[in-house]
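Notes for the one structure printed next.
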There are 2 protein chains.
Amino acid sequence: MVRIVDVAKKANVSTATVSRVITNSGNVKKETIEKVMEAIQKLNYQPNILARQLRRLETKTILVIVPDITNTFFSNILRGIESVANKNGYQVLLADAHNNVERESNFLDILYQKKADGMILLTARIDQNVIGEISKEYPVVLACEYFEGSQIPTVSIDNISSARKATDHLIGLGHKRIGFISGPLGGVLGRDRLKGFQQAMAQQNLAVPPFLVQEGDFSYESGYNLMLKILTLDLPPTAVFAANDEMAIGAIKAIKSKGLRVPEDLSVIGFDDIKIASIFEPALTTIAQPTFEIGLKAMELLIKLINKDSITKNQYMLEDKLVIRDSSKELS
Amino acid sequence: MVRIVDVAKKANVSTATVSRVITNSGNVKKETIEKVMEAIQKLNYQPNILARQLRRLETKTILVIVPDITNTFFSNILRGIESVANKNGYQVLLADAHNNVERESNFLDILYQKKADGMILLTARIDQNVIGEISKEYPVVLACEYFEGSQIPTVSIDNISSARKATDHLIGLGHKRIGFISGPLGGVLGRDRLKGFQQAMAQQNLAVPPFLVQEGDFSYESGYNLMLKILTLDLPPTAVFAANDEMAIGAIKAIKSKGLRVPEDLSVIGFDDIKIASIFEPALTTIAQPTFEIGLKAMELLIKLINKDSITKNQYMLEDKLVIRDSSKELS
DNA sequence: TTTATAAATGTAATCGTTTACACTGGTTTC
DNA sequence: GAAACCAGTGTAAACGATTACATTTATAAA
């Protein structure tokens, strides 16, 4: 292994000067720079980042905890994060929680052990107080999810109003008996979307019988199974709102498995607008989130936190969009 | 920040002893261990991993370069890798190349800078010689892809024989005019699957007119566009083999867009068996790769390399499986 | 009791950088 | 011509752990 001293010797300067050259921190004569660069070339020297990190007490790495990497919804957020990260010399350490709270918590050690300078959470299943404590000591940004009454910087859409928008779409099509397949009600995200649904229904004085609301876990399988359950009702709904696309697709598959058609017999609307939403048949009506921008903004905020820059506000709400495709249709 | 010296002072021992306790490297009296643990608890001490890494010249981190994180095919391989990694105290640094060779090469710096102890490549677009050189100096394992005539440890299926198997399936159903949508022919993976296709066709003395072979890039879009192109032929094929599922689904969408049906008018077979393959309609006939096992084995090999254990052989071929679903059907 | 051996602990060097501070020699300012 | 300043460089002390080696203490053997 070739070290900075080797370069220094070869170039006949001190290690300090070499260091100044590789970090281009100014105040080095042009010729000296050339000498040093030549030595670096010849020796094929690469600075040892560990040593630098130890000295500077920073890692230039940030941690992103994803609830489930197989859900393509998150991929695009990641790309947004990465794009800002790389532009600023940060590397992204990706942690996949496999939808498992315990795994999620374990990743926090990475932060404690100073292996990362900050963290973006794309999930909020860890205890709010724990995260609250951590965020006092380390830079933390929440994306998509959020905690009620928390001061942690957050980037998301307005889930309540989006869910209202989706529900209004169905109501506008003449549906009155609408089912809802929710996300886990343990999280705000799941609760908010349910809240939006309920608000929209209430506004039009439409009833929401409890058995028309089923709690899922955002997985394809839960969408499938819960829809089957809903279909066993004497008076099944004419439309269903699933709190994410994966469950919506599961629901449609369940509907089809019973010989019914979407949207002719039942309208279905999803949430997220993941890639298959437009490929699947019928193409899914859904709420599109500005995923890339969410990632972008989250990383920008995190960098500000790391640099201890002041942050003007800590709740960023981005615009979503209703995308009407083939899975929803006027009640006939 | 609380350091090891603080703990040492509090527990009235030397830093060496504290270090021995936290790395439990033996030879410490029970009572002393207790004293130290108590101090650690009280001070809420967390060892600084950077310092440890610098001293030991290892990072306990491995780098995985994925060609495209949005392709769910890789997610399961990652889980295999992670499962072995975590069991052995390694963290996984995920690098997403966005299907971009340049990005891919840039990640190599992570290795040069000693930010990772080794690397698993799930893609092989980087120049073979470059990788060859790197693998002499750093632990490197290739998964899924491989280089011809290279000594780098590799875990994959036998793509040639798998492609032959897929083609034989179509031939067995009576198809004689079969189209092939390949992956990028710049990579062995793309070439091998084409080779298997050609071999199977040749074995049955079936012609492969050049225009029935189209080069895609493994993306949904390329599958869609190339299928449209194939359908403009005067005598279109009765079956199509796409070199991965994403392209197969693109192809099916294209076929449908022309008012044709799968499998009634054309049979389609894919490759990989990603999750949507079974959800999509028609459910896709495809070759299932043992993704989790591939990841597992790759990480096991990498750990051996890192530990400089001897490796008995360096080409691991795992078993794939033909999964017959609804997108392929006897020629009527 | 003495000696040999093993167990437990401490001292200080080390990993490879960065950077505060000191130094040199030259230029500018009054 | 002294004082003040600056550009360019070097010296050596950090950063926070691990660990080779030295030392002390306890235990066993003679």
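Letters A, B, ... mirror the listed sequences (proteins, then strands); counts begin at 1. Side chains are part of it too, since the values below use all heavy atoms of this structure and drop only hydrogens, waters and symmetry mates. Being a predicted model, the structure only gives us computed values, none of them experimental.
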Partner of A:M119 by side chain to side chain contact (heavy atoms under 4.5 Å, CB included), out of A:V64, A:V141, A:L63 |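 Only match with A:M119 under side chain to side chain contact (heavy atoms under 4.5 Å, CB included): A:L63.
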
Test B:S19 against every option in B:I4, B:V7, B:V28 by the side chain to side chain contact (heavy atoms under 4.5 Å, CB included) rule and name the one that passes.
->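 That would be B:I4; it is the only one of B:I4, B:V7, B:V28 passing the side chain to side chain contact (heavy atoms under 4.5 Å, CB included) with B:S19.
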
Minimum side-chain heavy-atom gap B:Y90-B:T61 below 4.5 Å =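 No - every pair of side-chain heavy atoms lies 4.5 Å or more apart.
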
Tell me the interatomic distance from [X], atom [atom1], to [N], atom [atom2], rounded to whole angstroms.
| X | N | atom1 | atom2 | answer |
| --- | --- | --- | --- | --- |
| B:K30 | C:dA7 | NZ | P | 16 Å |
| A:R20 | C:dT17 | CZ | P | 16 Å |
| B:I33 | C:dA7 | CD1 | P | 14 Å |
| B:Q113 | C:dG16 | CD | P | 16 Å |
| B:E31 | D:dA26 | CD | P | 11 Å |
| A:E58 | D:dC15 | CD | C1' | 12 Å |
| B:K29 | D:dT24 | NZ | P | 17 Å |
| A:I49 | C:dT18 | CD1 | P | 8 Å |

Name the nucleic acid region contacted by [X], choosing base, sugar-phosphate or nothing; use a 4.0 angstrom heavy-atom cut-off, strictly under.
| X | value |
| --- | --- |
| A:I22 | sugar-phosphate |
| A:V13 | sugar-phosphate |
| A:L54 | base |
| A:N48 | sugar-phosphate |

For [N], does OP1 or OP2 lie under 4.0 Å from any side-chain N or O of [X]?
| X | N | result |
| --- | --- | --- |
| B:R55 | C:dT14 | no |
| B:R56 | D:dT19 | yes |
| A:T32 | D:dT9 | yes |
| A:T17 | D:dG8 | no |

When you check the side-chain N and O atoms of B:S156 and B:T154, is any donor under 3.5 Å from an acceptor?
->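 Not at all, the side chains of B:S156 and B:T154 share no donor-acceptor pair under 3.5 Å.
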
With B:K114 as the cation and B:Y112 as the aromatic partner, state whether NZ or CZ is under 6.0 Å from the six-membered ring centre and within 45° of the axis.
->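 No, B:K114 does not sit over the ring of B:Y112.
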
Among [options], which nucleotide sits nearest the side chain of [X]?
| X | options | value |
| --- | --- | --- |
| A:S19 | C:dT18, D:dA17, C:dT17 | C:dT18 |
| B:I4 | D:dA17, D:dG10, D:dC15 | D:dA17 |
| A:A16 | D:dC15, C:dT19, D:dA17 | C:dT19 |
| A:M1 | C:dG16, D:dT18, C:dT18 | C:dG16 |
| B:N27 | C:dA7, D:dG10, C:dG10 | C:dA7 |

Is it true that B:E300 and B:K87 make a salt bridge, defined as a side-chain N closer than 4.0 Å to a carboxylate O?
->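 Result for this pair is no, no salt bridge flagged.
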
Along DNA chain C (nearest heavy atom to each residue), the more 5'-positioned of B:K35 and B:A51 =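 The residue closer to the strand's 5' end, by nearest nucleotide, is B:K35.
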
